[in-house]
Structure formats: C-alpha cells, structure tokens
Amino acid sequence: MNRFTGLPATAAIRHQHTLLKTANLTQAPDFTKYSPVKPIKEGIAPYIVETMKAFPTDSRYINQQHYYQNRNILMNDYAKRSPHPVSLMQLAQYYDDSSTLTKQKIINSGIFVKEELAIRIASKINLLQSLPFNVVNNFHFLQVYESYYNIFERFRKFPTIKTMEDNLNFSEFIRKILQDFNSLNLPHLIMGALECTIFDLYPRDKMDELLSNLLRSRISRRLIVEEHLSVTSNYVTGKKENTLVLGDIFQECNALEYLTNASKECEQFIKNMYYPSIPLPELKIEGSKDLTFYFLPAHLKYLLGEILRNAYEATIREYIRKGLKTPSPITVTIIENPDTYIFRISDQAGGLIHSDADLWSFGKSKERARESLNNFHKLPGLHSISIYDDIADSKTCLSPSMKAVEPYMNTSLAHTTQWNINKGHYKLEQPLIELLQRPFRYKLGVGLAMCKVYAEYWNGDLRVHSMPGYGVDAVLTLGNLMKSTAKKQLDKV
Ligand SMILES: Nc1ncnc2c1ncn2[C@@H]1O[C@H](COP(=O)(O)OP(=O)(O)OP(=O)(O)O)[C@@H](O)[C@H]1O
Ligand SMILES: [Mg+2]
C-alpha cells in the first residue's frame, strides 16, 4: 500500500505514471511576475486559468461570436485581398514623381494606409490562426493575437478619410496605436517563442521562421505608418517639398558617431555590471571613417548596439577569465561599396563557445530558452501587462493603453515617444531601443537572431566568423538604400 496515495502498489505505480504524464505546472514560468501586485489564485496563476478557458473572460474579440465574425469579415474578405508591395520612394513621394506635397497626396496616402494596414494585419492574424492551438493559445502569443485583432478592427472601422481634417484624426489615431499595448508586441512575440521552445510546442526551425516572418511584416507596417505620419507632419508644418527621396524618417547617419555612441553605452553597462574603474577595451575604428549614409536611425542604433555589445561582453569576460593586464581591443572596419556598407566588428575574446547551429535561433536550446525567459521576466519596465488585467481588476480607472505604458513610468525606460504633429517631432521604434537598453546581466539570447532579421530586411546580411581560441569577426552588411529606392522594400508583408 502506498503511503501517499492509499492505493495498492501496482495501482500507485500506474497512478504515478499518469501524474508524470500530466503537465507539471510548477515548471511553468512564473506568470505572477507579469503582475506583481496580484495574488496567485488557488495555487495556479490566473493567466494559466485564462488560457485554459474556451474564451478568455475579458477578451474583446475572442468570444462566442468570434468564429462567425472572423470567417465573414477577416477570412472571406480582408484576408483574400492582396497587400500592395510598395517602395519607400512611393510612400515618401506618394505615388508621384514630383516632390511637392499637396493636400490631395496626403489624403490619398491616408486612404492607402488605412486600407493597407487592415489587409496586412488580417494576413498575419490568418497566419496566427493556422498555428497549432497550443501555440496561438500561449499566454504571450494570445496577447499578440488580441492586439492584432484590436488593430484590425480599429483600422477597418476607422471612418473613410475624405478631408485633411479626417487625415489629421487618422494620424493621431495611428500615433496612439504605435504607443499603446501594441508596443509590447515585440517582447511578447519573443517570449512566446521562448515558451513554445521550452514546452516543445512547435519545432524550433518553424518557430524561427514564424518569428522572422512576423518581425519582417512588423517592420514593414511600422514603416508605412511612420512614413505617413512624417509626410503629414511635413505638410502641416509648411514643408511643401519632400526633397529626401526616402522620406524624413530616413536620415543621414554618420557611421563613426553611431559606433562611438554604441561603444559608450557598452562601456557604461560594463562599469555598472562590474565596477566603475574596470579597464575597458580600446575601440579602434578603421576604413571609411567618414562614411555617412541614409538609414533608419533606430535600426542602425539597434544593429550596431547589439553586435558591439557581444564583442564588449566577450572581451571583458576573457579579460577576467585569463587575468589579462588589459582587455584586448575591439576593431571595427568600415567598408563602403557602391551598393553596400559593411561593418566588420572584430574582437580577440577567444571565439564562440556555443555551437554555431543555435546561434541564429530565437529559442536556441531549451535550457538557454529557459534562461532567456527568466531574464525577460526580470527586465525592468518590460513586464508584460496582460490585456486581461484591465478587466480582471475592474476597479482600476486606467485604460488598457495607460496600463500598458504604466510599467514604463518612473523607470529609465519611461516612454519618451512624443509626437507633436505641429513640431513634427517623434521617436521611432521605441520598443526596439528599449530592448537594446537592457543591462548586460539580462541576457536574452536573441540579439543575433533579431539583428539578422533587421539586416536582411535592409538588403543586407549578418555573419559571424569564429576563430576558436582567438576571436570573432561579426560582419554586418547593409544595403545602400539610395541605390534601391524603387525596390519594393515594403513587400515583406
Ligand atoms: N563576439 C563574441 N565572442 C564570443 N561569443 C559570442 C560573440 N558574439 C556572440 N557570441 C555568442 O553567441 C551567443 C548568442 O549571442 P546573442 O547576441 O544572440 O545572444 P546573447 O548575447 O547571449 O544575449 P543577448 O544579446 O540577447 O543579451 C552569445 O551568448 C555568445 O555565447
Ligand atoms: Mg548579445
């Protein structure tokens, strides 16, 4: 007789066997972290209970009517329409060779953006719906799904744009969408992928493909929206000529300045992690030092930031491990070609320790995914607030969008995204920059995988050559966007 179960020994073994087969909820990531103020109800995090229900209690979209609504409106209509691949130049100049911004051009741009965004997001919702139920029902993916549906419905229902005033309302509307809980989609996508890897819910290569696909289309959608905000703002502020071929959101970037800034941030992170007087690696910059080129500032900052971060981290680790007198230098070589710009970041920190096969994967191995997820949970300001929190805690007077930005408030990550239509000032891709600004100790294990998606998006590439026992050369190639202005860059729908 078994002392714990009161069952005969053979039955106890069978019983134990069933227990082993059932999901061990204690292994589930600590979901309470998402909402530290809320107690765990009945021993199970409320978020797990939520995803076990037929319909999440407080979802605005996934309810008894969802199936029919989705079939009639999304599947049979929007998802059947093809997205329109466009080039950056088309968006900036708005389908016209002349660089003069006219009222009609801006209104047409608004009409296009409203329609196009609904079609593009519908195709992504459709993609999410084709995933195994356990994947799309994962806590994080469900947040993304809910957010996408919310965006779809809001774009679809936005009144037809006929006048400049309609367009100004529309601009304000899209600006808010860029800022509300949609800004948490980036961390949710990555955390969802990590959890699915940990629980073996989806093959790793397919998950990487899915994430790259969702990230690429996210970049495209944001570019379309941001170009529209930019041309609207230009027009309103009296700038009647759009002389920059690619639009104002692309700026002339000074390579040296971006590298120096990225290295300063790395140095600061190292000092914070170790001690303020720790010797720092020397950064040597060689090649086309005076290179300036048109690029999306936030993307360039992110790419160089992540790659330099790896080099600094490895160099300091090697310096401490080997007890060296000074850390070895980091050398960046800038190469300017007619069609591409190349940044080779070389360190002498001993080379890669993990296998190459995992390097480009978001999930990496189960163990590393678990570590990464743990660090995501610890990130200050990136605590994911469930859309469900708002309704579960109905006494609160915060709107969902306020709730979403609440965790950023009073932290170093406080939202600085301020767009003033009259001043034309706004910051792009804040979520990406926030991700980059995490302290060194929070290793997310997704830096290279993310960078590859972004580099490839811009007709470029990222490769890592490891010389075991010596160091690593990371080679970032970026396309010369001025050479491909007519390329349907935004075809990555
Ligand atoms: N310059 C380098 N020298 C040695 N190892 C490196 C270098 N760059 C990357 N690596 C190895 O590749 C792994 C993956 O790098 P990646 O940037 O994708 O994630 P991470 O650095 O572990 O985490 P994160 O960048 O998200 O904080 C690193 O953990 C490290 O082991
Ligand atoms: Mg890294």
Side-chain angles (χ1 to χ4, degrees), residues 186-187 189-191 193-194 197 204 207-208 211-212 215 259 262-263 265-266 268-270 272-273 280-284 301-322 324 327-333 343-380 382 431-456 461-476:
L186 185 61
L189 277 176
I190 304 172
M191 289 162 90
L194 294 174
T197 304
R204 200 148 55 96
M207 183 53 85
D208 287 334
L211 229 62
S212 304
L215 288 174
L259 283 167
S263 88
E265 289 197 8
C266 290
Q268 196 52 50
F269 280 133
I270 288 179
N272 292 345
M273 188 162 162
L280 296 163
E282 181 196 354
L283 180 75
K284 295 182 180 171
K301 185 174 157 120
Y302 178 74
L303 286 163
L304 293 177
E306 283 289 348
I307 301 167
L308 269 185
R309 212 180 145 101
N310 282 345
Y312 270 85
E313 254 181 296
T315 303
I316 289 292
R317 210 177 36 228
E318 193 73 351
Y319 159 73
I320 294 172
R321 193 176 69 88
K322 283 200 174 153
L324 301 173
S328 51
I330 294 168
T331 310
V332 181
T333 315
F343 294 85
R344 184 183 63 192
I345 294 116
S346 316
D347 61 55
Q348 298 164 27
L352 294 178
I353 37 174
H354 293 289
S355 85
D356 279 2
D358 294 338
L359 208 58
W360 305 105
S361 167
F362 285 90
K364 308 227 174 355
S365 63
K366 266 191 203 187
E367 292 67 34
R368 292 182 71 197
R370 207 179 281 275
E371 274 171 41
S372 302
L373 191 64
N374 248 331
N375 282 335
F376 256 108
H377 291 177
K378 287 183 206 150
L379 277 187
L382 271 179
L432 197 63
I433 298 303
E434 277 161 11
L435 204 58
L436 180 67
Q437 285 165 351
R438 69 199 180 274
F440 263 32
R441 63 180 172 283
Y442 301 127
K443 297 197 62 67
L444 305 181
V446 297
L448 290 175
M450 288 276 291
C451 285
K452 203 170 180 68
V453 173
Y454 281 81
E456 283 177 357
D461 186 21
L462 176 62
R463 283 165 199 260
V464 168
H465 306 282
S466 172
M467 288 149 276
Y470 182 75
V472 161
D473 274 4
V475 183
L476 170 71

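First listed ligand is number 1; within each ligand, the first listed atom is number 1. Model, not experiment: these values are computed from the prediction.
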Query raised in the report: Are the side chain of Asp473 and the backbone of His465 linked by a donor-acceptor contact shorter than 3.5 Å?
Result: no
Query raised in the report: Side chain of Thr197, backbone of Ala369: donor and acceptor closer than 3.5 Å?
Result: no
What is the distance from atom [atom1] of [X] to atom [atom2] of [Y], rounded to the nearest 0.5 Å?
X	Y	atom1	atom2	value
Glu456	Cys451	CD	SG	11.5 Å
Tyr442	His377	OH	NE2	13.0 Å
Phe343	Leu303	CZ	CG	9.5 Å
Arg370	Asn374	CZ	CG	9.0 Å

Would one find an N or O of [X], backbone or side chain, under 3.5 Å from an N or O of ligand 1?
X	result
Arg438	yes
Leu444	yes
Ala449	no
Leu359	no

Requested in this report: Of all the heavy-atom pairs spanning Ile433 and Lys301, show the shortest one and how long it is.
Outcome: CD1-CD, 3.9 Å
Query raised in the report: For Ile190 and Leu211, which heavy atoms make the closest approach, and how far apart are they?
Result: CA-CD2, 4.3 Å
Query - Residue part near ligand 1, for Met450, under 4.0 Å between non-hydrogen atoms - result: neither
**Report entry** Region of Asp347 engaging ligand 1 - heavy atom pairs below 4.0 Å
**Finding:** side chain
For [atom], which protein heavy atom lies nearest, and how many Å away is it?
atom	result
atom 23 (O) of ligand 1	Gly445 N, 2.8 Å
atom 20 (P) of ligand 1	Lys443 NZ, 3.5 Å
atom 4 (C) of ligand 1	Gly351 O, 3.4 Å
atom 6 (C) of ligand 1	Leu352 CD2, 3.4 Å
atom 18 (O) of ligand 1	Leu448 N, 2.9 Å

Query raised in the report: Residues in side chain to side chain contact (heavy atoms under 4.5 Å, CB included) with Thr333, at least two apart?
Result: Glu286, Thr331, Ile335, Arg344
Requested in this report: Not counting sequence neighbours, which residues clear side chain to side chain contact (heavy atoms under 4.5 Å, CB included) with Ala449? List them please.
Outcome: Phe362
Query raised in the report: Who's closest to atom 17 (O) of ligand 1 heavy-atom-wise, of Asn310, Ile307, Thr315, Asn375?
Result: Asn310
Query raised in the report: What's the verdict on side-chain contact (heavy atoms from CB on, under 4.5 Å) for Leu304 and Leu476, showing C-alpha distance, side-chain angles and the deciding distance?
Result: CA-CA 9 Å; Leu304 293 177; Leu476 170 71; 4.0 Å; yes
Tell me whether ligand 1 is touched by [X] - counting only heavy atoms on the residue side and a distance under 4.0 Å.
X	value
Ser466	no
Ala349	no
Arg368	yes

Query raised in the report: Which protein N, O or S atoms lie under 2.8 Å from the Mg ion (ligand 2)?
Result: Asn310 OD1
Query raised in the report: Protein heavy atoms: any of them under 4.0 Å from atom 30 (C) of ligand 1?
Result: no
Which atoms of ligand 1 are found less than 4.0 Å from any heavy atom of [X]?
X	result
Glu306	25 (O)
Lys364	14 (C), 18 (O)
Ala314	2 (C), 3 (N), 4 (C)

Query raised in the report: Salt bridge check: are Glu313 and Lys443 linked by an N-O gap of less than 4.0 Å?
Result: yes
Query raised in the report: When you check the gap from the basic side-chain N to the acidic O, do Glu318 and Arg321 get nearer than 4.0 Å?
Result: yes
Would you be so kind as to tabulate the donor-acceptor pairs closer than 3.5 Å made by side chains of residues 305-312, with sequence neighbours excluded?
unit_1 : atom_1 : unit_2 : atom_2 : d
Glu306 : OE1    : Arg438 : NH2    : 3.1
Glu306 : OE2    : Arg438 : NH1    : 2.9
Glu306 : OE2    : Arg438 : NH2    : 3.2
Arg309 : NH1    : Leu436 : O      : 3.1
Arg309 : NH1    : Arg438 : O      : 3.0
Arg309 : NH2    : Arg438 : O      : 3.1
Arg309 : NH2    : Pro439 : O      : 3.3

Query raised in the report: Quick one: does Trp360's side chain get under 4.5 Å of Leu462's, heavy atoms only?
Result: yes
